[in-house]
Asker: 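After the structure tokens below, expect a handful of questions from me.
When a ligand or atom number is given, it counts from 1 through the structure's own listing order. For the numbers below, each heavy atom of this structure counts, side chains included, while hydrogens, waters and symmetry mates do not. These numbers were taken from a predicted model, which means no experiment stands behind them.
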Amino acid sequence: MAYIIPQSLILIFALFSLFTSPSHSADPDPLQDFCIADLKAPISVNGFPCKPSSNVTSDDFFFDGLIKEGDTNNLFKSSVTQGNVLAFPGLNTLGISMNRVDLAPGGLNPPHTHPRATESGIVVRGKLLVGLITTANVFYSKILTAGEMFVVPRGLMHFQLNVGEEKALIFTAFNSHLPGAVVASLNLFGSKPSVPDDVLTKAFQVDKSVVDLIKSKFGG
Ligand code: GLV
Ligand code: MN
């Protein structure tokens with residue numbers, strides 16, 4: 001006897017496999033051992049073309065760019081040094097990357113999101129208020145010290161504030177070779193060309209003078 005599968009069941013199954021497939025939770029899985037990015041080649045549909053394996057050397061698998069303390073002499077008194085595919089081409093197609101975050105006392109890694117990755121982090125030095133806000137506008141936070149970890153689900157707004165007396169240091173890890181970062185204040189008030197004042201005064205329910213003042217801080 002032949003079984004007839006209703007079309008709606010097939011559709012539900014197809015949608016379910018689409019959203020549960022690993023390629024939709026982070027970067028797609030690699031199809032080869034490695035693909036050291038050729039950063040000079042024009043960007044292809046997804047990621048960078050591989051450099052020929054005959055040109056690959058040991059150096060392609062190592063990166064010392066996170067050794068150095070970042071310069072925190074800036075508006076936010078913080079610095080994010082990125083260890084993504086653009087800095088470390090060996091990460092190309094592997095779906096992972098890391099950052100180093102340095103914060104002077106009182107320094108803030110300002111509210112931002114990563115559109116392409118979930119983030120986890122470990123505090124190596126200092127005392128930090130680590131916070132995130134959900135899509136339902138619920139704020140979660142905790143004060144962390146050395147050895148403690150945090151996680152920020154993909155796309156959620158988050159920050160780290162140094163609430164200690166000393167410098168703070170965090171290493172963060174991502175499930176994308178290029179997580180991207182949208183810093184809320186810079187994105188809205190420092191874009192080029194700038195977002196019209198009318199949009200910002202309405203969005204934040206403030207006068208143009210307030211918008212102009214914030215724009216002046218972020219070069220918008
Ligand atoms: C910290 O939030 C980072 O993006 O490295
Ligand atoms: Mn982050």
Asker: Nearest protein heavy atom to atom 1 (C) of ligand 1, by residue and atom, and its distance?
Answerer: E119 OE2, 2.9 Å
Asker: Counting non-hydrogen protein atoms only, what is the nearest one to atom 4 (O) of ligand 1? Give residue, atom name and distance.
Answerer: H114 NE2, 2.9 Å
Asker: Can you tell me if Q32 has over 12 outside heavy atoms packed within less than 6.0 Å of its CD?
Answerer: yes
Asker: Does some non-hydrogen atom of R100 fall short of 4.0 Å from ligand 1?
Answerer: no
Asker: Hydrogens and angles aside, do S78 and N109 bring a side-chain donor and acceptor to less than 3.5 Å of each other?
Answerer: no
Asker: Taking only heavy atoms of N99 into account, list the atoms of ligand 1 that are under 4.0 Å away from them.
Answerer: 3 (C), 4 (O), 5 (O)
Asker: After noting the C-alpha distance and the side-chain angles of H112 and F159, does the key distance pass the ring pair (Phe, Tyr, Trp, His ring centres under 6.0 Å) rule?
Answerer: CA-CA 7 Å; H112 63 279; F159 65 85; 9.2 Å; no
Asker: Using modelled atom types only, decide if a donor and an acceptor are shared between the side chain of T113 and the backbone of P115 within a distance under 3.5 Å.
Answerer: no
Asker: Show which atoms of ligand 1 fall inside a sub-4.0 Å distance from at least one heavy-atom site of H158.
Answerer: 2 (O)
Asker: Indicate, as side chain, backbone, both or neither, the part of F171 found under 4.0 angstrom from ligand 1 when only non-hydrogen atoms are considered.
Answerer: neither
Asker: Should we count CD of E148 as having more than 12 external heavy atoms under 6.0 Å?
Answerer: yes
Asker: Between V152 and ligand 1, which part of the residue brings a heavy atom under 4.0 Å of the ligand: side chain, backbone, both or neither?
Answerer: neither
Asker: For atom 5 (O) of ligand 1, what's the nearest protein heavy atom and its distance?
Answerer: T172 OG1, 2.8 Å
Asker: Could you tell me whether K167 and E69 make a salt bridge, using a distance below 4.0 angstrom between a side-chain N and a carboxylate O?
Answerer: yes
Asker: Report, as a single number, the protein N, O or S atoms less than 2.8 Å from the Mn ion (ligand 2).
Answerer: 4
Asker: Would you please determine whether F174 falls within less than 4.0 Å of ligand 1 on a heavy-atom basis?
Answerer: yes
Asker: Can D197 and K215 be counted as an ion pair, charged N to O under 4.0 angstrom?
Answerer: yes
Asker: How many angstroms lie between OG1 in T172 and CZ in F150, if you round to the nearest 0.5 Å?
Answerer: 6.5 Å
Asker: Suppose we call two aromatic rings close when their centres sit under 6.0 Å apart. Are F88 and F62 close by that rule?
Answerer: no
Asker: For ligand 1, which atoms, with element, lie under 4.0 Å from some heavy atom of V101?
Answerer: 5 (O)
Asker: Just by distance, do the side chain of R116 and the backbone of D27 share a donor-acceptor pair under 3.5 Å?
Answerer: no
Asker: Counting neighbours of CG on N73 that are heavy atoms of other residues, nucleotides or ligands and sit closer than 6.0 Å, is the number greater than 12?
Answerer: no
Asker: Which of the numbered atoms in ligand 1 are under 4.0 angstrom from any heavy atom belonging to Q160?
Answerer: 1 (C), 2 (O)
